[in-house]
Amino acid sequence: MRFAVTVEVTGLEGISDPEGQTIERVLPSLGFEGIGQVRVGKLVSFAMEAASRDEARRRAEELCRRLLANPVTEQAKVMVVPAGEA
Amino acid sequence: MSRLAVVVFPGSNCEHDVVSALERVGFQASLVWHQESTLGEVDGVILPGGFAHGDYLRPGAIARFSPVMGAVEEMAREGAPVVGICNGFQVLTEAGLLAGALRRNAGRRFICRPVTCEVRSTSSPLTAACRRGERLVLPINHNEGNFTCDEATARQLFQNEQVVLTYTENPNGSLGDIAGICNEARNVVGLMPHPERASDPLLGSADGLRLLASLATFLEAGRPAAARSSS
């Protein structure tokens, strides 16, 4: 089966995020009030062949550990859906 | 005469400067392409600065999987000097040969200027010929030089004197003003400043030669007897 995998990589809790803070600071001057905790990260998406959704998730999480996220500073969130489903 | 390998990744850009500076302090140095799986008959290895693999994903994240890294890890295990300069330092942290990680500079700007560093430990391949407390003027040239690690690691780095070099004025938000660290075995060292760019008074400083010349002192004093007799 073919799966669409999306990985969100963000800084670990407690690690400062100057880019998120800068965006947050400019929001009031644009008229956006009541927005906080802005975090900026990166998104990696790919298609994967796997026997099951569980296997796809396992392999994607392994890929995160080995390459996509640095565990010293980052955390990764993996989302897996069958290809073709939005 | 000692021989050193200087690894070239696609995107490295300081390798010729490193070779030239090493020759100035009496080494033979040869370039080794990252696809090689051996480093040849050398006494140590340098990972130079630049943007290995375009710094894509994170600096060093892809370079750590280059075939040559197996040989670099072997040198590290054997106790030979392994040095990472700037991007090379980033590669060594990503490879797990040095602790911590190098994040984006706190001010979110690329910084390119000379800074003053202080030698905090003389027990490393790059500081063996220096004096503790000695101040060196060295250029930095980086976007991700902001060293970070968890609290337990930071405590260990300072207690074991694995912090080799600190900034006298922190340019990038680096934890504990750290500019360079070594591993527990003290043969792997990484630093953000570029010693090869401070290798002639014409360049504004020749202080980098103090660090590179330390490699000879380290090799003479620190190489296991077995390795000495076989070379």
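In what follows, every chain begins at residue 1, and chains take the letters A, B, ... in the order their sequences are listed.
Around NZ of A:K42, the count of heavy atoms belonging to other residues, nucleotides or ligands within 6.0 Å exceeds 12. Sparse packing is recorded around CD of B:E151, with 12 or fewer heavy atoms of other residues, nucleotides or ligands lying under 6.0 Å away. At most 12 heavy atoms of other shown residues, nucleotides or ligands fall within 6.0 angstrom of atom OH in B:Y56. Heavy atoms from other residues, nucleotides or ligands lying under 6.0 Å from CZ of A:R39 number more than 12.
Residues A:L67 and B:I62 share a closest heavy-atom pair of CD1-CG1, 4.3 Å. Closest approach of B:A101 to A:N70, counting heavy atoms only: CB-ND2, 3.7 Å.
Contacts of B:A99 with chain A are absent, with no heavy-atom separation under 4.5 Å from either backbone or side chain. Only the side chain of A:E74 comes within contact range of chain B, judged by heavy atoms closer than 4.5 Å.
In this structure the side chain of A:L68 reaches within 4.5 angstrom of the side chain of B:L57, judged on heavy atoms.
Note that CZ of B:R58 is 7.0 Å distant from OG1 of A:T73, once rounded to the nearest 0.5 Å.
Ranked by heavy-atom pairs under 4.5 Å with chain A, the first of B:R108, B:R104, B:R64, B:E94 is B:R108.
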